[in-house]
Amino acid sequence: MKLKFDYNNMMDSAIGEHGIKKTEIDGAMKAHKAAFSEVIDNSGKGWQEWADTPLISAEEITKLNAFGKKIREKASSFVVLGIGGSALGPICVFNALLHLHHNELPEKMRKAPKIYVEDNVDPERMAALFDVIDIKTTYFNVITKSGETSETLSQFIILYNMLKKAVGEKAAKEHIFVTTTIGKGALYNVAKKEGFEIFEVPAGVGGRFSVLSNVGLVPFAVMGLDIESMLAGARAMRSACEREDIYANPALMTAFLQVKSMQAGKNISVMMPYADGLKTMADFYCQIWAESLGKAVDKNNATVNCGQTPAKSLGVTDQHSQVQLYTEGPYDKVVTFIGVEKFGDTVDIPADEKADVGDFLKGHTMNELITAERKSTEFALTKAGRSNFTIMFPEVNTETVGELLMYFMYETAFAGAYLNIDTFNQPGVEEGKKATFAMIGRAGYEQKLAELNSIKKNDAYIIK
Ligand code: PA5
């Protein structure tokens, strides 16, 4: 494992009365054993098939690479259509591992087509996409595990209609690739009927745990990323998370510290990477943490209404917007910093600049500055008694990104096990999905529509 996890500043030895005592960790060995067994003994089973996603064969990787190469050779743009777990993995890996202005690079400098991940049904955004892509040379990856999600299906209908008009019925089929559950769902059926290439999402891999399945790997292949190295990183993290000793297991330890903090009233978990490329890793984390741990009942059906609200923050940008609150506001947060030792570029602040300003900065690098600012924020929070810990990247590459993604999945699974909840369902989201079907007039949802229509708004509470 290349990542390092420093949880010193979660402990009372660093932050005093708001910290966790070593005796609390040592006194919970039974709970650690139970949480560990719950996840590790069920690894690869039921909804925990995600743990096996980095184990695909060399042959499958070769096939993915060949697919990626084929698309790179002919596509001006590659568009992912999906939402939630079917979009956030492709988004965060794209941002972490490709050039920060990839789509704006001149064609000669771009190693992959322009990449867009459309994860909303904002009509202006959809219309705007068609202003910047040439549909005749654009390829679309429609990703939906259930094959039933209204947002993704609406996007599919729009683009397939446009494609047929632009390139003809037969060619349009070659512009669409579908990633979905085999044998289930509306999208699978239409893909079979129309003859689109289909990539499988394994049945036991849920949306927010699917980044290392075809949901992520197909777009990563098109991006030209080294999939084998990413999966090797994920496997290294898997091995670290299979260590029974909590002091050696990063995901088990931080899951315990987060759950313990939450139970002590720290209901907000801030993810704060100090690297623009990792900004959307915080989005990935927010989804997996929120949707997995925000639950009404535990496994014994007792009401728990648990979960820590995730928040995203970017270092150093948000030092100038949110850090004041983190340092002096309520003691209700745990801040996770993500730092990078060696950035992909070094930018000097020239020593020979004559302008009579910022002499203390001259001769340093932006790399030194961002590192100093991360360490200073960590220092300020710790001094103020605020819980925080740091995940350090030696550098951001396919291997370390694979490690981080796998860590997020294990940390969430362990946290759910400590809380004794069903980490892998999302009944709250399903309710909203059904209400959308009803409002848009889908057959079979008449009762839900009647329920929605029975809700009367009180005009007295509407300000006009
Ligand atoms: O994590 C989840 O299960 C959800 O966020 C889903 O990914 C999201 O609702 C999209 O579902 P689907 O992939 O079935 O379209």
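Numbering of ligands and ligand atoms starts at 1, following listing order. Values below: all heavy atoms of this structure, side chains included; hydrogens, waters and symmetry mates excluded. Numbering starts at 1 and runs along the sequence shown.
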Proximity of [X] and [Y] rings by center, below 6.0 Å:
X    : Y    : result
F177 : F67  : yes
F5   : F389 : no
Y160 : F196 : yes
W50  : F209 : yes

I need the atoms of ligand 1 closer than 4.0 Å to a non-hydrogen atom of [X], numbered in the order shown.
X    : result
T149 : 11 (O), 12 (P), 14 (O), 15 (O)
G207 : 1 (O), 2 (C), 3 (O), 7 (O)
K145 : 12 (P), 13 (O), 14 (O)
E291 : 1 (O), 2 (C), 3 (O), 4 (C), 5 (O)
R208 : 1 (O), 2 (C), 3 (O)

Criterion side chain to side chain donor-acceptor pair (under 3.5 Å) on S321 and D318, from CA distance to verdict
CA-CA 5 Å; S321 92; D318 288 318; 3.1 Å; yes
Which residue supplies the protein heavy atom nearest to [atom], what is that atom called, and how far is it?
atom                    : result
atom 14 (O) of ligand 1 : S146 OG, 2.6 Å
atom 7 (O) of ligand 1  : G85 N, 2.9 Å
atom 10 (C) of ligand 1 : I83 O, 3.3 Å

Go through the side-chain N and O atoms of [X] and [Y] and say whether any donor and acceptor fall under 3.5 Å apart.
X    : Y    : value
N267 : D332 : no
Q319 : T377 : yes
T254 : E411 : yes

So for ligand 1, is G84 a polar contact partner (N or O within less than 3.5 Å, distance only)?
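Between G84 and ligand 1 (N or O atoms, distance only) the closest approach is not under 3.5 Å.
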Would Q287 count as a polar contact of ligand 1, with the cut-off being nitrogen or oxygen pairs under 3.5 Å?
yes
Would you check whether K433 reaches within less than 4.0 Å of ligand 1, judged by its heavy atoms?
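It does, in that a heavy atom of K433 comes within the 4.0 Å cut-off of ligand 1.
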Just to be sure I read this right, does ligand 1 sit under 4.0 Å from the backbone of E148, its side chain, both, or neither, counting only heavy atoms?
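Neither; no heavy atom under 4.0 Å.
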